[in-house]
Amino acid sequence: MAGRIIEVKNVSEPKPKFKVRQMKVLEESAFARAQAIIQEAIDQTDLSMAEVSREMGRNRSFVTRMLSSDHNLTIKTMTRALAVLSRTP
């Protein structure tokens with residue numbers, strides 16, 4: 001065996017595809033939680049969706065899309081919505 005090199009692979013490291021899928025699950029989970037926090041804040045106020053959108057400087061359809069699963073909610077948008085709803089982001 002002298003002079004032979006044996007290659008040892010680290011089997012505990014996840015494959016790249018797994019990491020991508022895992023990241024996607026984490027992103028979707030965080031996104032859903034952010035939407036739920038905003039919806040809870042809306043439910044706890046006396047503001048209508050039209051009033052929330054007006055205070056955010058957006059149209060009503062934007063607020064509706066913000067709470068749908070198709071919208072890419074940014075930290076800036078979430079912060080603006082929670083500020084309007086008097087919640088700490």
Side-chain angles (χ1 to χ4, degrees):
M1 300 240 2
R4 290 184 79 183
I5 298 174
I6 300 172
E7 183 179 342
V8 179
K9 293 183 179 180
N10 184 352
V11 294
S12 65
E13 187 173 316
K15 295 180 180 181
K17 286 183 180 178
F18 176 77
K19 287 182 181 180
V20 170
R21 284 188 301 229
Q22 190 178 33
M23 184 62 73
K24 185 71 173 168
V25 169
L26 290 172
E27 288 170 355
E28 292 297 322
S29 178
F31 177 70
R33 184 65 189 131
Q35 286 176 314
I37 289 169
I38 293 170
Q39 186 62 60
E40 289 170 10
I42 290 171
D43 293 344
Q44 292 175 1
T45 67
D46 291 331
L47 296 176
S48 68
M49 293 292 256
E51 291 169 318
V52 171
S53 63
R54 195 170 24 258
E55 291 290 325
M56 288 181 68
R58 301 290 189 144
N59 58 36
R60 190 179 187 287
S61 66
F62 176 84
V63 175
T64 301
R65 284 191 320 271
M66 176 181 69
L67 297 172
S68 76
S69 61
D70 296 339
H71 185 75
N72 183 15
L73 183 64
T74 64
I75 297 295
K76 184 177 180 179
T77 302
M78 181 180 175
T79 303
R80 182 179 289 172
L82 293 175
V84 164
L85 298 164
S86 299
R87 297 270 308 249
T88 304

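The basis for the numbers below is simple: all heavy atoms, side chains too, and nothing from hydrogens, waters or symmetry mates. Positions are given from 1, in the same order as the sequence printed here.
- Residues passing the side chain to side chain donor-acceptor pair (under 3.5 Å) test with Thr74, sequence neighbours excluded: Thr77.
- In this structure, the separation between CG on Leu26 and NZ on Lys19 is 13.0 Å, given to the nearest 0.5 Å.
- Sorted by first and then second residue, the salt bridge (charged side-chain N to carboxylate O under 4.0 Å, His left out) pairs involving residues 25-35 (not counting sequence neighbours) are Lys24-Glu28, Arg33-Glu40.
- The side-chain contact (heavy atoms from CB on, under 4.5 Å) test applied to Ser61 returns Asn59, Arg65, not counting sequence neighbours.
- Applying the salt bridge (charged side-chain N to carboxylate O under 4.0 Å, His left out) test to pairs two or more places apart or on separate chains, none has a residue in residues 50-63.
- A distance of 6.5 Å separates CD of Gln35 from CG of Leu73, quoted to the nearest 0.5 Å.
- Among residue pairs with one or both ends in residues 26-55, none qualify as ring-ring contact (aromatic ring centres under 6.0 Å, His included); sequence neighbours excluded.
- For the atom pair CG of Leu82 and CD1 of Ile38, the computed distance is 5.0 Å after rounding to the nearest 0.5 Å.
- Side-chain atoms of Ser29 do not come within 3.5 Å of backbone N or O of Val25 as any donor-acceptor pair.
- When every heavy atom of Val52 is checked against every heavy atom of Val84, the shortest pair comes out as O-CG1, 4.2 Å.
- Partners of Phe62 according to the ring-ring contact (aromatic ring centres under 6.0 Å, His included) rule, which considers only residues two or more places apart in sequence or in another chain, are His71.
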